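Here's the structure, in structure tokens; my notes come after.
Atoms within a ligand are numbered from 1 in the order they appear, just like the ligands themselves. Side-chain atoms are counted along with the backbone in the values below, which use heavy atoms only and exclude waters and symmetry mates. Just so it is clear, the structure is predicted and the values come from calculations on it, not from any experiment.
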Amino acid sequence: MDILPFMHERAAQFSCPRCRRSLADCGLRLLQQRGSHYTVQVTCRTCDLTLVVALELRSEADTPREAIPAQRVARPAPPPLSGEEVLDVHLRLRDLNGPLTDLLRPPDHG
Ligand SMILES: [Zn+2]
């Protein structure tokens, strides 16, 4: 991408930090470009103040919404049912005299 015309277009919206004049007609010089990183020298035409601006171009395509993948929490598998537990349920069902909701109560160990 040719950054200078883009910069020139945007420069009009900014004013020189020293003389407060618009940077619309500032001088622009591309000092360095590395990938999407640009270093541009901006020179105020009024007071000759020189600014060096570092830019990084980003587009939606370049920056996926999830740059960091959501960490997947691995749930440990529940331990296999032991024979004892099955027997306990079996005995509670066998001895059940009341409503099924009685099964929801903790077993009576007394
Ligand atoms: Zn100036």
Rounded to the nearest 0.5 Å, what's the gap from OG1 on Thr50 to CD on Gln41? Could you check?
5.0 Å
Using side chain to side chain donor-acceptor pair (under 3.5 Å) as the criterion, list what pairs up with Gln33, not counting sequence neighbours.
Tyr38
Could you give the side-chain donor-acceptor pairs of residues 7-19 under 3.5 Å, partners two or more places apart or in another chain?
from, atom 1, to, atom 2, distance (Å)
Arg18, NH1, Cys47, O, 3.3

Sole residue of Val52, Ile3, Leu30 in side-chain contact (heavy atoms from CB on, under 4.5 Å) with Thr39
Val52
Test item: Leu28 and Val40 side chains (from C-beta on) under 4.5 Å apart, heavy atoms:
yes
For the Zn ion (ligand 1), which protein N/O/S atoms fall under 2.8 Å? Skip waters.
Cys16 SG, Cys19 SG, Cys44 SG, Cys47 SG
Salt bridge (Lys or Arg N to Asp or Glu O under 4.0 Å): pairs with one or both residues in residues 26-55, sequence neighbours excluded
none
